[in-house]
Amino acid sequence: MTYQGLIHRYGQYLDLPAHIKTISLLEGNTPLIPMPRLSRELGCELFIKFEGLNPTGSFKDRGMTAAISEAVGRGAQTVICASTGNTAASAAAYAARAGLRSIVLIPEGKVAVGKLAGAIAYGAEVIQIQGSFDDALSLVVEITQKTPIALVNSINPFRIEGQKTAAFEICDDLGSAPDWLCLPVGNAGNITSYWAGFKQYQKGLPQVLGVQAAGAAPLVLGHPVEKPETVATAIRIGKPARGEQALDAAQESKGRIIAVPDEQILSAQRILAEEGVWVEPASAAGLSGLLAESTVGKFEAGGKRIVVVCTGHGMKDPSIITESFKSPKVIPANYEALIGVIEE
Ligand SMILES: *Cc1c(COP(=O)(O)O)cnc(C)c1O
C-alpha cells in the first residue's frame with residue numbers, strides 16, 4: 001500500500017487522544033543515507049538521517065502532523081507558535097492544510113530567509129518580536145493560557161509523540177538501534193522525543209551525543225544564556241524548554257551533551273555537502289560534535305554503527321553559503337571564453 005504518513009504508519013505507538021482528526025502531508029519516511037567516505041575516515045558505519053526531506057524541509061513536520069491533528073480534532077481554529085523558523089514553516093503548512101489560522105512569533109531579524117519565506121508562503125501571520133526566541137516562547141505560552149488559541153511548540157506533548165517516529169524509522173531501517181545517535185540540541189524537544197522513541201520501541205538503545213553551539217550552550221554551561229549567539233539559528237536558544245529531559249536522555253543513555261564552536265559547525269556543513277548532503281548549519285551540529293569528540297580521542301568510533309541526525313535542509317538558509325563564497329564568474333557567451341576559464 002502506498003505511504004500514508006506518520007499517524008497512519010505509527011499511530012498505534014503514539015499516545016494521541018481519540019478525538020484526533022488526521023492532517024498529514026505524508027511527512028516522515030525519510031532516508032537513512034550511508035556515508036561511505038566519512039565512515040572510512042572515522043572507521044565506523046555512519047548514516048545520515050536526512051530530515052531535510054520532510055514536506056517543509058525539517059523534522060518539525062513529524063511533531064506538527066500530531067499537534068495539528070489534535071488541535072483540529074478538538075475544534076481549535078487558530079494555532080500559534082514561537083519559532084526560530086522551521087516550526088513556523090511547519091505549523092503554517094499543516095494549519096493551511098487543515099484550514100486553520102496560524103500565527104507565528106519569530107525573533108526580529110534572526111530567522112533564515114528560506115524559513116521566513118516558507119511561513120509566509122503557507123499563509124501564516126508572521127510577527128517579529130524585539131527579543132529572543134525565549135521571549136517569544138514566553139509570550140506564546142501566556143496567550144494560549146488566556147485564550148482558546150492552540151499552542152504548537154514542542155512543549156505541546158503531541159509534538160513529542162509525533163517526533164518519536166524518527167527513532168522508530170531508524171530501528172526499522174537498521175533492524176535495531178544504532179550504537180550512537182548524534183543530533184543538535186536547541187529547545188531540546190527532539191532529543192527528548194528520540195530517547196522516548198527508542199525506549200518505547202524496544203529494539204535496543206543508542207548512546208546519545210547532543211550538540212549545542214558554543215554561543216548557545218545552556219545545557220553544557222549549566223545555566224540559561226541571556227543572549228544566545230550562533231550562525232546555527234535553529235539552535236539559537238538560551239533557555240531550552242525541555243532542558244532537564246535532554247540532560248536525562250544524555251545521562252541515561254551513557255552519552256553526553258557538548259558544545260561546538262560555529263567554525264566547526266560550518267566545517268561539518270561543508271564536509272556533508274562534499275558527500276552530497278546539503279543541510280542547514282544547525283543540522284550539521286551533530287556531525288561537528290562527533291568529529292570534535294573523535295579528534296580529541298573521546299570517541300571510540302571503531303566498528304560502531306552511528307546515526308547522525310540532519311534536522312533541516314540546506315535550502316532553508318542559502319545566504320550562509322552565498323555570503324561566504326565569491327559569486328560565480330561572468331563570461332561572454334562563447335566557447336573560447338568558456339574553455340578559457342575551465343582550463344585556467
Ligand atoms: C528545531 C530545530 C533544531 C532543534 O531541535 P530542538 O527540538 O529544539 O532541540 C535543530 N535543527 C533544526 C533544523 C531545527 O529546525
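For the single chain, residues carry numbers from 1 onward in sequence order. Indexing begins at 1, ligand by ligand and atom by atom, following the structure's order.
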Amino acids contacting ligand 1, non-hydrogen cut-off under 4.0 Å: Phe59, Lys60, Asn86, Pro184, Val185, Gly186, Asn187, Ala188, Gly189, Asn190, Ala234, Ile235, Glu280, Ala282, Ser283, Thr311, Gly312
Electrostatic pair Lys146:Glu142 at N-O distance under 4.0 angstrom: yes
Ring pair (Phe, Tyr, Trp, His ring centres under 6.0 Å) assessment of His313 paired with Phe50: CA-CA 8 Å; His313 203 286; Phe50 194 15; 5.5 Å; yes
Side-chain ion pair, Glu229 and Arg236, N-O less than 4.0 Å: yes
Glu70 with Lys21: basic N within carboxylate O range, under 4.0 Å: no
Residues Arg62, Glu51: salt bridge by 4.0 Å N-O rule: yes
Pairs where residues 178-207 contributes a residue and the test salt bridge (charged side-chain N to carboxylate O under 4.0 Å, His left out) is met, not counting sequence neighbours: Asp172-Lys203, Lys199-Glu252
